[in-house]
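What follows is a set of notes on a single structure, which appears directly below.
All residue numbers in this chain count up from 1 along the given sequence.
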Amino acid sequence: GFLSISEPLYTNALGFSDFMIGLIFAGFTLPIFFISTLVGKYIDVRGAKGILTAGVSLMALSTLGFALAQNPWVLFLLSLVAGVGDALLLPVIYTMLDKLSSYHGKEKISGVKIFSESFGYFLGPLIAGLLAGLIGFQNAFWYFGLFIAMLVFTTIFVPLNHDPIRDRRH
């Protein structure tokens with residue numbers, strides 16, 4: 001939620017045309033149309049760990065890039081990078097939720113996921129507005145980008161394998 005609201009607001013604050021703001025904003029969603037299905041197939045064959053790490057890394061890279069860039073075309077390319085990161089993350093998250101939930105518990109897990117996502121889209125814009133007002137957009141991107149970069153290291157070291165038979169024995 002933070003990224004989806006603060007990055008377009010930043011482009012508006014930079015005084016870009018409506019067309020350029022729309023193009024940059026479209027860059028966040030365009031890769032999802034083309035990449036998500038392929039990622040889902042890849043996860044089925046190779047697993048999610050590498051995809052998850054790559055997605056979080058791309059999100060960190062694009063967020064830190066927004067802290068440095070003010071050129072509209074560079075920001076468009078960074079929005080595409082963020083869109084690719086998002087396109088990598090979404091199928092992994094959905095796959096992990098499916099694997100973690102039992103057949104009878106999927107509705108509960110889905111409800112928690114929808115609540116969390118909706119709450120993020122409520123809190124994200126609120127936090128984006130507060131941070132941008134207090135420390136400016138570029139500093140907010142720096143801090144949030146560094147936070148996401150730390151998540152990359154967490155992702156590398158957290159095991160993602162889930163074996164229901166082995167888990168029942170322990």
Side-chain angles (χ1 to χ4, degrees), residues 1-43 46 48-97 110 112-156:
F2 175 86
L3 293 175
S4 66
I5 195 69
S6 59
E7 290 170 342
L9 287 175
Y10 176 56
T11 58
N12 187 47
L14 291 174
F16 294 163
S17 70
D18 291 342
F19 170 77
M20 204 64 219
I21 292 170
L23 186 63
I24 292 169
F25 197 63
F28 291 106
T29 56
L30 188 62
I32 293 171
F33 295 123
F34 302 105
I35 296 174
S36 293
T37 303
L38 298 173
V39 170
K41 290 178 183 179
Y42 180 87
I43 291 169
R46 305 275 183 176
K49 181 95 172 202
I51 295 290
L52 182 62
T53 303
V56 175
S57 297
L58 290 174
M59 294 301 289
L61 177 69
S62 68
T63 303
L64 290 170
F66 259 77
L68 297 171
Q70 293 187 354
N71 180 295
W73 293 106
V74 172
L75 292 173
F76 172 66
L77 289 175
L78 288 169
S79 73
L80 288 173
V81 170
V84 170
D86 216 10
L88 295 176
L89 288 175
L90 290 175
V92 172
I93 291 169
Y94 295 139
T95 299
M96 289 170 51
L97 287 173
S110 295
V112 169
K113 185 248 176 238
I114 295 297
F115 169 78
S116 299
E117 189 174 8
S118 299
F119 194 60
Y121 279 101
F122 165 74
L123 272 184
L126 187 62
I127 292 170
L130 289 172
L131 282 177
L134 292 173
I135 61 174
F137 279 111
Q138 288 182 311
N139 287 331
F141 288 131
W142 272 117
Y143 290 124
F144 198 68
L146 291 173
F147 172 73
I148 295 173
M150 288 188 305
L151 289 178
V152 172
F153 294 107
T154 303
T155 303
I156 291 170

Identify the two heavy atoms, one from Val39 and one from Ala87, that lie closest to each other, and give their separation to 0.1 Å. CG2-O, 4.1 Å
Ile51 side, atom CD1; Leu88 side, atom CG - distance, nearest 0.5 Å: 5.5 Å
Euclidean distance, Ser79 OG relative to Leu30 CG, rounded to 0.5 Å: 9.0 Å
Separation of Leu78 CG from Leu61 CG (nearest 0.5 Å): 7.0 Å
Take Gln138 and Phe66 through the test side chain to side chain contact (heavy atoms under 4.5 Å, CB included) and record every step on the way to the result. CA-CA 7 Å; Gln138 288 182 311; Phe66 259 77; over 6 Å; no
Thr63 side chain to Gly145 main-chain N or O, any donor-acceptor pair under 3.5 Å? no
Roughly how far, to the nearest 0.5 Å, is OG1 of Thr53 from CG of Leu151? 11.0 Å
Is the ring pair Phe141/Tyr10 parallel, tilted or perpendicular, if the boundaries are 30 and 60 degrees? perpendicular
Results of ring-ring contact (aromatic ring centres under 6.0 Å, His included) for Phe28 - residues two or more places apart only: none
Determine the minimum heavy-atom distance between Tyr143 and Ile135, stating which atoms define it. CD1-CD1, 3.5 Å
Testing Leu89, Ile148, Asp86, Val84 one by one against Leu58 for a side-chain contact (heavy atoms from CB on, under 4.5 Å), which residue passes? Val84
To the nearest 0.5 Å, tell me how far Leu75 CG sits from Leu80 CG. 11.5 Å
For Gln70, which residues count as a side chain to side chain donor-acceptor pair (under 3.5 Å) partner, sequence neighbours excluded? none
Provide the closest heavy-atom pair for Gly27 versus Phe76 in the form atom of the first, atom of the second, distance. CA-CE1, 4.2 Å
What's the shortest heavy-atom distance between Ser62 and Val81, and which atoms? CB-CG1, 4.0 Å
Give, for atom CG of Leu64 and atom CZ of Phe144, the distance between the pair rounded to the nearest 0.5 Å. 11.0 Å
What closest approach, in Å, do Pro72 and Ile24 show between heavy atoms, and which atom pair accounts for it? O-CD1, 3.7 Å
